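First the structure, in the form of structure tokens, and then the observations on it.
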Amino acid sequence: QLQASGGGLVQAGGSLRLSCTASERTFSSNAMGWFRQAPGKEREFVAAISWSVGVTYYTDSVKGRSTISRDNVKNTVYLQMNSLKPEDTAVYYCAGGSSAVVLRGGKFGSWGQGTLVTVSS
């Protein structure tokens, strides 16, 4: 239902844009978000965007460095990450939920395969 892509190896200070394409059923009318899980750590919320008006939320550690956006025609959500740091290294997952607030709270209705982001120092 959800397929994330765009991860890779990048040097600290670099940028990546993650993409996640979903089925129309999963994407339509749902908020979308990104989570990540670093080795040995718990999954954490990264960013979320509402369905219609584009309200966004970010975790503090990526705020100002990342931008979440969505294309409701292409059923795709993006996460542009700039000024990457080694601590951003993780598997990034996209998810769908009933609202961006709910996603920020860690709850989701649909979940996809992740994409690995590795930031070297």
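All values derive from a computational prediction rather than experimental measurement.
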Contacts under 3.5 angstrom, residues 5-22 side chains, donor-acceptor by atom type, not counting sequence neighbours:
{"residue": "S15", "atom": "OG", "partner": "N82", "partner atom": "OD1", "Å": "3.0"}
{"residue": "T21", "atom": "OG1", "partner": "T76", "partner atom": "OG1", "Å": "3.3"}

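Taken together through direct or relayed side-chain contacts under 4.5 Å among Ile, Leu, Val, Met, Phe, Trp and Tyr, Y92 and V119 form part of one hydrophobic cluster. Taking hydrophobic clusters as Ile, Leu, Val, Met, Phe, Trp and Tyr residues chained together by side-chain heavy-atom distances below 4.5 Å, L2 shares a cluster with V46. Following chains of ILVMFWY side-chain contacts shorter than 4.5 Å, one cannot reach V102 starting from F108, and the two form parts of different hydrophobic clusters. The hydrophobic clustering, which links ILVMFWY residues whose side-chain heavy atoms are closer than 4.5 Å, places F35 and V62 apart.
Checked against the 6.0 Å centroid criterion, the rings of W111 and Y93 qualify as a close aromatic pair.
Salt bridge annotation for K85-D88: absent, with no cationic side-chain nitrogen under 4.0 angstrom from a carboxylate oxygen.
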side-chain contact (heavy atoms from CB on, under 4.5 Å) assessment of V101 paired with L103: CA-CA 5 Å; V101 172; L103 286 170; over 6 Å; no
Working for side-chain contact (heavy atoms from CB on, under 4.5 Å), residues S61 and R36: CA-CA 12 Å; S61 62; R36 66 185 179 186; 3.2 Å; yes
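Counting only heavy atoms from C-beta outward, the side chains of S66 and L79 approach each other to under 4.5 Å. Under the 4.5 Å side-chain criterion, counting only non-hydrogen atoms from C-beta, I68 is in contact with V77.
For the residue pair R104 and Y57, no side-chain donor N or O sits within less than 3.5 Å of a side-chain acceptor on the partner. No side-chain donor-acceptor contact under 3.5 Å links R70 and T56.
Between the side chain of T89 and the backbone N or O of P86 there is at least one donor-acceptor pair closer than 3.5 Å. Not one N or O on the side chain of N30 forms a donor-acceptor pair closer than 3.5 Å with the backbone of F27. The backbone N or O of K41 lies less than 3.5 Å from a partner atom in the side chain of Q37, making a donor-acceptor pair.
Annotation for E44: atom CD counts as buried by contact number, over 12 foreign heavy atoms lying within 6.0 Å. No more than 12 heavy atoms of other residues, nucleotides or ligands lie within 6.0 Å of NZ in K74, so this atom counts as exposed by the packing criterion. For Q3, the CD atom is densely surrounded, since the number of other residues' heavy atoms within 6.0 Å is greater than 12.
For the disulfide bond (SG atoms under 2.5 Å apart) condition, no pair includes a residue of residues 30-72, sequence neighbours left out.
A cation-pi contact, defined as under 6.0 Å to the ring centre and within 45° of the axis, is absent between R65 and Y58.
Here CH2 of W34 is found 8.0 Å from CE of M81. Values are rounded to the nearest 0.5 Å. For the atom pair CE of M32 and OG of S69, the computed distance is 12.0 Å after rounding to the nearest 0.5 Å. If you take OG on S28 and CG on N75, they are separated by 7.5 Å, rounding to the nearest 0.5 Å.
The shortest non-hydrogen separation linking A100 to A48 is O-CB, 3.9 Å. When all heavy atoms are compared, the tightest approach of A31 to S50 is CB-CA, 4.1 Å. Looking at every heavy atom in both residues, R43 comes nearest to G106 through NH2-O, 4.5 Å.
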